[in-house]
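Working notes for the structure below.
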Amino acid sequence: MNTEAAGKDFIRQIVAADIKANKSDGQVVTRFPPEPNGFLHIGHAKAICLNFNVAHEFGGRCHLRFDDTNPVKEETLYADAIRRDIEWLGFSWGNNEFYTSDYFDDLYRMAVKLIEKGLAYVDDLNGEQIREMRGTLTEPGQNSPYRERSMAENLDLFERMRTGEFGNGEPHHRSGDKWCIYPMYDFAHGQSDALEGITHSLCTLEFADHRPLYEWFIEKLELFPSRQYEYSRLNLGYTVLSKRKLQELVTRELVSAWDDPRMPTLAGMRRRGFPPRAIRTFCSRVGISKSDSWIDMSVLEDCVRQELNESAPRAMCVLRPLKVTITDYPEGKEETFSAPNHPQQPEMGERSIPFTREIYIDQDDFMLDPPKKFFRLGPGREVRLRNGYVIKCEEVIYHADGSVKELLCSHDSATLGAAPEGRKVKGVIHWVSAAHAVPVKVHLYDRLFEVETPGTGASADTWLDDLNPDSRITLDQCVAEPGIREARPAQAYQFERCGYFCLDAQQSTEEVPVFNRTVTLRDSWAKVNK
RNA sequence: UGGGGUGUAGCCAAGCGGUAAGGCAGCGGACUCUGACUCCGUCAUCGGGGGUUCGAAUCCCUCCACCCCAGCCA
C-alpha cells in the first residue's frame with residue numbers, strides 16, 4: 001500500500017504525488033473562485049476549507065478570485081459579504097485577491113490569438129439558430145456557416161465587436177463601460193487559472209464535462225498548465241444549497257434576509273451562533289470524494305455542540321414560565337447562590353444567582369400526571385433546583401379554565417450543596433428568581449424544510465411548499481437570570497437543559513435582549529417520551 | 001438513446017490483491033446538582049452475477065441503479 005496516500009482524500013493524494021514528481025517545481029497554488037452574485041453558504045465553506053487547507057498543508061497559497069464575468073448578475077455588495085465570510089471562517093488570502101474582470105484585456109488578446117491560429121471565428125448565428133444547430137444529447141451538431149470565414153474578416157469583426165459596433169453590452173460593476181463584450185465561464189476560468197499559476201484547480205463534479213475545453217484553451221494558447229480536478233458538492237438534509245433557491249427565499253421574503261439564522265449561509269450561521277471552527281470541523285468530517293452525498297444535519301449539529309460545550313458559559317433561562325411559590329421560605333428573604341460558569345472548567349469562574357420566595361420554572365418541568373420515567377416535578381414530588389434547594393410540590397393552583405396557574409412548594413433547607421437525607425432526588429431543573437428575572441425574547445429554530453431532500457425528485461418544482469412552517473418559533477415571555485444582562489453579541493451561552501443561545505445583535509434592545517437558539521442540547525428524555 | 005461521473009452500514013467515509021479504519025445517527029449500560037458532558041459496549045463482507053487467484057471491496061467481464069450535460073449562467 002501507498003503509505004503516503006493513506007487516509008488522504010483523492011485530491012490530496014494527487015497533490016502529494018505531483019509534489020513528489022516535482023510538477024510545477026513542487027509548487028501548490030489553489031484558488032477559491034466565487035461569483036459575486038449571492039452569499040456564501042455551507043457548500044462554499046467546503047470549497048473554501050479544501051482550497052485553503054490543501055494550499056496550507058503543502059506549503060502553497062490560495063487565491064481569492066472573484067469570477068465576475070457576467071455584468072448583469074454581479075454586485076460589489078456580494079463581494080464585500082464574501083470577503084467578510086471567508087475571513088470569519090478563519091482563512092486569509094493575503095494579497096492574493098484577484099478578479100477575472102482584470103483579465104479582460106488578456107482574454108481579449110487570447111481570443112485574437114486563437115483567431116490568428118485559425119482556431120476561432122466570429123459567428124453571426126443568433127441564439128435560436130445556435131440552439132438548432134448544436135445537436136442534442138444523441139446527435140452531433142452541425143458546423144456554423146460562418147466557421148470558414150477568413151482570418152482577416154474574423155479579426156475585423158471581433159475588433160468591431162469590442163468597440164461596440166454590434167451593441168454596447170451591459171456596464172460591469174468593476175470595469176464600467178469599458179467592454180462591450182464579455183467572456184463566458186469556459187473562456188475565462190482556465191485561462192485565469194493559468195494566468196495566476198494555479199496548479200490545482202478544484203471544482204465540483206458538474207464541471208467535469210468542461211475539462212476537455214479547459215485543457216484545450218491552455219494547450220492552444222500555450223499557457224501555464226493548470227489542471228482541473230472535480231469532487232462532489234455538498235448536500236445537507238432538510239435545506240437547500242443552491243444560490244438560485246436561496247436567492248428566491250430571500251426575494252420572496254420567506255426568510256428575513258441572506259443572514260436569517262435559518263439560512264445555510266455563512267452569514268446566517270454566524271448570526272445563528274455557529275462557531276466558525278465548528279464549520280471547519282464539519283467540512284473535514286464530511287470529507288472529499290466523488291460520490292453524491294447528502295449529509296445529515298446531525299453531523300453539523302454535533303460539530304456545533306462539541307465546540308460550544310467547551311466554550312459556552314452556562315446560564316439559566318426559563319423559556320415558558322410557570323410560577324412557583326416556596327411557601328415555607330420567608331417573604332422578603334433573599335439568598336445568593338454561587339454557581340460555576342462551566343461544570344468542567346473551573347477556570348471560567350463562578351457567578352451569583354439570587355434566590356427568593358417566588359421563582360419561575362419551565363412548564364415542561366411539571367406534569368400533573370407524570371409517567372413513571374418522568375423525574376421532574378409533579379404533585380407531591382421532589383425535584384432539585386439547579387444550584388439551589390430541593391423543593392417539593394405541595395399544591396397546584398389552577399386557572400378558571402383548568403390549566404395550571406401556579407405551584408406551591410416547600411423546600412428542604414438542608415439540601416443546599418448537599419444530598420437530601422434518606423431519599424434520592426434524581427430530577428434537576430432550572431429556575432429564575434421572579435424578582436430578579438430579566439425578560440428576554442427567544443427564537444427557536446428548526447429545519448427550514450419538512451422534507452429531507454427539498455428541490456429534488458417529487459419536490460423539484462414544489463420545493464417552496466415543503467418549507468417547515470415552524471422553522472422559527474418566537475417566545476417573548478422568557479425570563480433569564482440577572483447575569484444575562486452582560487451578554488454580548490457573538491457570545492454563546494448554554495441555557496442549561498435547553499440548548500445553546502447567542503444574542504441577536506440586530507434585534508436586541510436595551511430593555512429586551514433577544515436570543516437565537518443555535519442548537520438544542522441532546523435530549524434523551526425527548527426520545528424516551530416519544 | 002450519446003458523453004461524463006458514482007455505487008462500502010440509516011448518513012458520510014477509509015481501504016490501492018492478504019482477509020472491512022473512523023465519524024454522525026441508533027441501540028444497551030455506567031456516571032451525573034444540566035435526562036447535558038464524559039465513559040464503556042453494540043452495530044457491514046463491500047450494487048447484482050460471472051471469472052482470474054492460494055487469497056478479491058480491491059484485477060477482468062457483464063448486468064443494474066443513481067447523478068451531471070442540449071444558457072451567448074457559473
Side-chain angles (χ1 to χ4, degrees), chain A residues 1-2 5-10 13 33-35 37-38 67-70 72-74 100 123 125-127 130-132 134-141 181-189 203-212 230 232-235 237 243-244 281-282 284-303 305-306 309-310 314 316 339-340 342-344 373-376 383-390 415-420 425-430 452 456 494-500 520-529:
Chain A
M1 171 171 104
N2 180 356
K8 285 187 186 134
D9 58 68
F10 80 98
Q13 288 182 27
E35 181 188 11
N37 69 342
D67 208 353
D68 57 352
T69 55
N70 189 334
V72 308
K73 294 171 67 176
E74 296 145 5
T100 302
D123 202 338
L125 257 27
N126 61 35
I130 289 177
R131 216 169 301 127
E132 284 168 6
R134 184 163 38 211
T136 69
L137 286 181
T138 53
E139 301 152 26
I181 51 177
Y182 295 97
M184 293 176 60
Y185 169 85
D186 284 310
F187 193 71
H189 205 92
C203 62
T204 44
L205 253 24
E206 64 269 29
F207 291 98
D209 289 340
H210 300 242
R211 187 168 3 104
E230 313 88 16
S232 56
R233 63 186 302 157
L234 174 70
N235 290 295
K243 256 191 283 190
R244 198 211 103 221
T281 301
F282 171 76
S284 67
R285 276 196 202 176
V286 301
I288 298 293
S289 74
K290 301 185 78 154
S291 47
D292 296 317
S293 61
W294 279 85
I295 311 294
D296 273 6
M297 191 62 93
S298 66
V299 179
L300 215 203
E301 291 180 341
D302 184 70
C303 294
R305 289 195 187 103
Q306 176 184 308
N309 177 49
E310 285 186 31
R314 314 284 126 127
M316 292 197 284
H342 190 115
Q344 280 86 232
K373 295 293 219 80
F374 185 82
F375 39 81
R376 273 113 96 156
V383 78
R384 155 87 60 189
L385 292 180
R386 176 75 164 152
N387 301 124
Y389 297 109
V390 167
T415 55
L416 193 57
V425 173
K426 189 165 168 74
V428 178
I429 64 173
H430 55 284
E452 189 162 17
T456 68
Q494 183 195 99
F495 289 167
E496 288 189 296
R497 305 209 311 126
C498 293
Y500 295 97
T520 62
L521 247 32
R522 259 207 203 78
D523 187 355
S524 48
W525 164 246
K527 285 175 200 160
V528 173
N529 204 18

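Since we're looking at a predicted model, the values are computed, not measured.
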- Pick the C1' atom in B:A13 and in B:G4, then give their distance to the nearest Å. 23 Å
- Quick one: label A:L125 by what it contacts on the DNA or RNA (base, sugar-phosphate, nothing), any heavy atom closer than 4.0 Å. base
- Say you pick atom C1' in B:G18 and the same atom in B:G23; how far apart are they, in whole Å? 27 Å
- A:F10 atom CZ is separated from B:U8 atom P, nearest whole Å, by 16 Å
- Query: Once you round it to whole Å, what is the distance between P of B:A25 and CG of A:D523?
  - Reply: 14 Å
- Query: What distance, rounded to whole Å, do you find between the two P atoms, one in B:G47 and one in B:A14?
  - Reply: 14 Å
- Query: Considering only the C1' atoms, how many Å lie between B:A57 and B:U6, rounded to the nearest integer?
  - Reply: 15 Å
- Task: Check if the side chain of A:Q13 and the base of B:C16 share a donor-acceptor pair of N or O atoms closer than 3.5 Å.
- Result: yes
- Message: Using a 3.5 Å distance criterion without hydrogens, assess whether the side chain of A:R305 forms a donor-acceptor pair with backbone atoms of A:T520.
- Response: yes
- Query: Taking the same atom, C1', in B:G17 and in B:C54, what whole-Å distance lies between them?
  - Reply: 12 Å
- Considering only heavy atoms from C-beta outward, does the side chain of A:I288 approach that of A:K8 to under 4.5 Å? no
- Would you kindly say whether A:T100 and A:D67 are connected by a side-chain donor-acceptor distance under 3.5 Å? yes
- Message: Could you tell me how far apart A:R497 (CZ) and B:C33 (C1') are, to the nearest whole angstrom?
- Response: 11 Å
- Message: In whole Å, I'd like the distance from the OH atom of A:Y500 to the P atom of B:A36.
- Response: 11 Å
- Integer angstrom distance from the P of B:C64 to that of B:U42: 41 Å
- Note on the structure: Taking B:C37, B:U34, B:C72 as options, the one with an atom nearest any side-chain atom of A:N126 is B:C72
- Task: Tell me what A:R285 touches on the nucleic acid: a base, only sugar-phosphate, or nothing, going by heavy atoms under 4.0 Å.
- Result: sugar-phosphate
- Quick one: are A:Y182 and A:N70 in side-chain contact, heavy atoms under 4.5 Å? no
- Query: For A:D296 and B:A13, what is the distance between atoms CG and C1' respectively, to the nearest whole Å?
  - Reply: 13 Å
- When all nucleic acid strands are considered with a 4.0 Å heavy-atom cut-off, which category describes A:I130: base, sugar-phosphate, or nothing? base
- Rounded to the nearest angstrom, tell me the gap between atom CE in A:M297 and atom C1' in B:G23. 18 Å
- Do A:L521 and A:F495 have side-chain heavy atoms sitting under 4.5 Å apart? no
- Message: Taking any heavy-atom pair under 4.0 Å as a contact, classify A:D302: base, sugar-phosphate, or nothing.
- Response: sugar-phosphate
- A:H342 atom NE2 is separated from B:A36 atom P, nearest whole Å, by 15 Å
- Query: Rounded to the nearest Å, what distance is computed from the CD1 atom of residue A:I288 to the P atom of nucleotide B:G15?
  - Reply: 14 Å
- Query: With a 4.0 Å cut-off on heavy atoms, is A:F374 in touch with a base, just the backbone sugar-phosphate, or nothing at all?
  - Reply: base
- Task: May I ask you to evaluate whether A:S289 reaches the phosphate of B:C12, defined as a side-chain N or O under 4.0 Å from OP1 or OP2?
- Result: no
- Which part of the nucleic acid, if any, lies within contact of A:K373, taking any heavy atom under 4.0 Å across all strands shown: a base, the sugar-phosphate backbone alone, or nothing? base
- Query: Choosing from B:U6, B:U32, B:G35, which nucleotide comes nearest the side chain of A:K290?
  - Reply: B:U6
- Query: Looking for any heavy atom pair under 4.0 Å, which part of the strands does A:G141 touch: base, sugar-phosphate only, or nothing?
  - Reply: nothing
- Task: Check whether any side-chain N or O of A:K8 sits under 4.0 Å from OP1 or OP2 of B:G15, and answer yes or no.
- Result: no
- Would you say A:K290's side chain and A:F10's backbone share a donor-acceptor pair under 3.5 angstrom? no
- N-glycosidic conformation, B:G71 - syn within 90 degrees of 0, else anti: syn
- Message: Parallel, tilted or perpendicular: which one describes the rings of A:Y185 and A:H210, with boundaries at 30° and 60°?
- Response: perpendicular
- Item | Residue-phosphate contact under 4.0 Å: A:R522 side-chain N/O, B:A25 OP1/OP2 | yes
- Exercise: do A:S291 and A:S289 side chains pair donor with acceptor under 3.5 Å: yes
- Query: When you compare B:U8 with B:U58, how far apart are their C1' atoms, in angstrom units rounded to a whole number?
  - Reply: 11 Å
- Item | Near-parallel close stack of A:W525 and B:G35 base (under 5.5 Å, under 30°) | yes
With the criterion being N/O to N/O and under 3.5 Å, what pairs connect the protein with nucleotides 67-71 of chain B, and how long is each?
| unit_1 | atom_1 | unit_2 | atom_2 | d |
| --- | --- | --- | --- | --- |
| B:C67 | O4' | A:D292 | OD2 | 3.3 |
| B:A70 | O3' | A:R134 | NH2 | 3.3 |
| B:A70 | O2' | A:R134 | NE | 3.1 |
| B:G71 | OP2 | A:R134 | NH2 | 2.8 |

- Using the P atoms only, state how far B:A44 lies from B:U1, rounded to an integer number of Å. 37 Å
- Message: Which is more 5' along RNA chain B, the nucleotide nearest A:P33 or the one nearest A:R314? Just name the residue.
- Response: A:R314
- Message: Once you apply a heavy-atom cut-off of 4.0 Å, does A:E35 come out as touching a base, just sugar-phosphate, or nothing?
- Response: sugar-phosphate
- Message: Please tell me if A:T69 has a side-chain N or O lying less than 4.0 Å from either OP1 or OP2 of B:A74.
- Response: yes
- Identify, between A:E496 and A:N70, the residue whose nearest nucleotide on RNA chain B lies closer to the 5' end. A:E496
- Would you indicate what A:G417 reaches in the nucleic acid, counting non-hydrogen atoms under 4.0 angstrom: base, sugar-phosphate, or nothing? base
- What does A:P140 touch in the nucleic acid at a heavy-atom separation under 4.0 angstrom: a base, only the sugar-phosphate, or nothing? nothing
- Query: Of all heavy-atom pairs between A:T281 and A:C303, which one has the smallest distance, and what is that distance?
  - Reply: CG2-SG, 3.9 Å
- Counting just side-chain N and O atoms, does A:R376 come under 4.0 Å of either OP1 or OP2 of B:G35? no
- Message: Counting only side-chain heavy atoms from C-beta out, which of B:G5, B:C72, B:U1 sits nearest to A:T138?
- Response: B:U1
- Taking the side chain as every heavy atom from C-beta outward, state whether A:L205 and A:R233 have any atom pair closer than 4.5 Å. no
- Message: Please classify the nucleic acid contact of A:Y182 as base, sugar-phosphate, or nothing, using heavy-atom distances under 4.0 Å.
- Response: nothing
- Query: Are side-chain heavy atoms of A:W525 and A:R376 found at a separation under 4.5 Å?
  - Reply: yes
- Query: Between the base of B:U34 and the side chain of A:Q494, is there a donor-acceptor distance below 3.5 Å?
  - Reply: yes
- Task: Could you tell me whether A:N37 contacts a base, only the sugar-phosphate backbone, or nothing, with contacts defined as non-hydrogen atoms closer than 4.0 Å?
- Result: nothing
- Item | Nucleotide nearest A:S293 when distance is taken to its side chain, options B:C24, B:C37, B:A13 | B:A13
- Message: The side chain of A:K527 is closest to which nucleotide in this list: B:G26, B:U1, B:C37?
- Response: B:G26
- Counting N and O atoms only, with roles assigned by atom type, does the side chain of A:R497 sit under 3.5 Å from a partner on the main chain of A:V428, one being a donor and the other an acceptor? yes
